[in-house]
Novice: 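Can you keep this structure in mind? I'll have questions shortly.
A note on names: the letters A, B, ... follow the listed sequences, proteins ahead of strands, and every chain is numbered from 1.
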2 protein chains.
Amino acid sequence: MPAPLLSLDEVIARLMSVIRREGYDGASLAELSKATGLGRSSLYHYFPDGKDQMVVAVLDHLEATMKANVFAPLRSDAPPLERLQGMTAALDKFYGSGQEACLLASLGVGDASKQFHPRLRQLFSAWIVAISEPLRVAGIPRGTAQARAEKALMLIEGALLLARAMGEPALFVRTLRDLPAELLRR
Amino acid sequence: MPAPLLSLDEVIARLMSVIRREGYDGASLAELSKATGLGRSSLYHYFPDGKDQMVVAVLDHLEATMKANVFAPLRSDAPPLERLQGMTAALDKFYGSGQEACLLASLGVGDASKQFHPRLRQLFSAWIVAISEPLRVAGIPRGTAQARAEKALMLIEGALLLARAMGEPALFVRTLRDLPAELLRR
DNA sequence: GTCTATAATAGGATAGAC
DNA sequence: GTCTATCCTATTATAGAC
């Protein structure tokens, strides 16, 4: 066989798809292998340290995706409301309108959470900072802006959890829709 | 050895402790055995169908606990604000002031979620109904009351997730503290 | 009811051919 | 780079003594 069918980035995207759905413990090498179309040994060729290294690669991939699609609109030069709407549009897409799990939430379950805790913490932190910026621009004091940004993440993560548990993705979509205005209210 | 050291209820409580922390896939029989002080075979004596049956027992136990500690205050004859404060006080205790994971959230990760989905859905549904009641008593229209109850669960679950991921339990405690007044605002 | 012992299987990881 | 074959360990589950 010639060149690989999938680029490394596509491979990592497929690993992420399995891991966000199954969690660390539930994501078996068999499933990871099937999802990527690579045999177990091929996976070990790309990730010599095994599953842990795959998760690190997936977290790197998530960080890049977040920066490009979620943080970037928040840091544009558009008005605050539009920046926040840019974020919610990206989130709606990334979470399949409430049907796909959050990788950070899935990795927060089990022993894996201990290992990747610093990384999860850093990603959430950066996200809070990024949301705070348009609120600051809108004249909201620093402390209030941070508290609202934290609340935004609670609502996003909570809405996703509830939407998936209830089988009602609309709960997530509706929460995203109302979020920008709620964050900017006086 | 004579009578068992732990009552069945205590055994189930310890099973819950492991499962909420590790999730379905991460909760091995070895850990379950260690946490309960029962050998593997003793666990199979109580739960012949293995881990699945243990989870069902844990969900039954959670349902009973929720009814007794969370739903009951919501249905008391106290004023709405006090009812909601009764719930948040129970939640603060149950979730160790933001340090213990939510069983429903942990079971929502992985293939297990498919199996227990109806049960998770039912528990969240009952919770939403229970929170709606004091809001209705306070004169909030039915539709608004349900939407706010759903939002309450998003905030509770999201705050717990974020508090644990960030290593800042205070995020959870603060969210609980502000919740009753926010749910009743005009 | 609890234990030891033991299947039987799935999981993560490696070796080496091609 | 990818494959087949294999190893080792952990895991679920059962059998049977006490």
Novice: Specify the separation, in whole Å, of atom OH of B/Tyr44 and atom P of C/dA5.
Specialist: 19 Å
Novice: Detail all sub-3.5 Å separations between protein N/O atoms and N/O atoms belonging to nucleotides 4-6 of chain D.
Specialist:
unit_1	atom_1	unit_2	atom_2	d
D/dT4	O4	A/Ser41	OG	2.5

Novice: Once side-chain contact (heavy atoms from CB on, under 4.5 Å) is applied, do any residues pair with B/Val18, and if so which ones, sequence neighbours excluded?
Specialist: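 Counting only residues at least two positions away or on another chain, B/Val18 forms a side-chain contact (heavy atoms from CB on, under 4.5 Å) with B/Arg21, B/Glu22, B/Ala27, B/Glu31, B/Leu32, B/Ala35.
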Novice: Would B/Ile19 and B/Leu6 show up in the same hydrophobic cluster when neighbours are defined by side-chain heavy atoms closer than 4.5 Å?
Specialist: yes
Novice: Suppose we screen for salt bridge (Lys or Arg N to Asp or Glu O under 4.0 Å). Which residues come up paired with A/Asp111, at least two apart in sequence or across chains?
Specialist: A/Lys114
Novice: Provide, to the nearest angstrom, the distance between the CD atom belonging to A/Gln53 and the P atom belonging to C/dA13.
Specialist: 11 Å
Novice: Apply the side chain to side chain contact (heavy atoms under 4.5 Å, CB included) test between B/Met16 and each candidate in B/Leu59, B/Val58, B/Val11; give the one that qualifies.
Specialist: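 The residue from B/Leu59, B/Val58, B/Val11 that satisfies side chain to side chain contact (heavy atoms under 4.5 Å, CB included) with B/Met16 turns out to be B/Val58.
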Novice: Indicate whether OP1 or OP2 belonging to C/dT2 is found under 4.0 Å from a side-chain N or O atom of B/Tyr46.
Specialist: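 Yes.
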Novice: Does NZ or CZ of B/Arg20 come closer than 6.0 Å to the centre of the six-membered ring of B/Phe94, within 45° of the ring's axis?
Specialist: yes
Novice: Atom CD of A/Glu22 and atom P of C/dG11: how far apart are they, to the nearest Å?
Specialist: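 My rounded result for the distance is 11 Å.
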Novice: Send over the distance from B/His45 NE2 to D/dA13 P, rounded to a whole Å.
Specialist: 17 Å
Novice: By nearest heavy atom, map B/Gly37 and A/Asp49 onto DNA chain C; which one lands nearer the 5' end?
Specialist: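 In this pair, the answer is B/Gly37.
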Novice: So does A/Ala159 get a backbone contact from the side chain of B/Lys151, meaning a donor-acceptor N/O pair under 3.5 Å?
Specialist: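 A pair under 3.5 Å: no.
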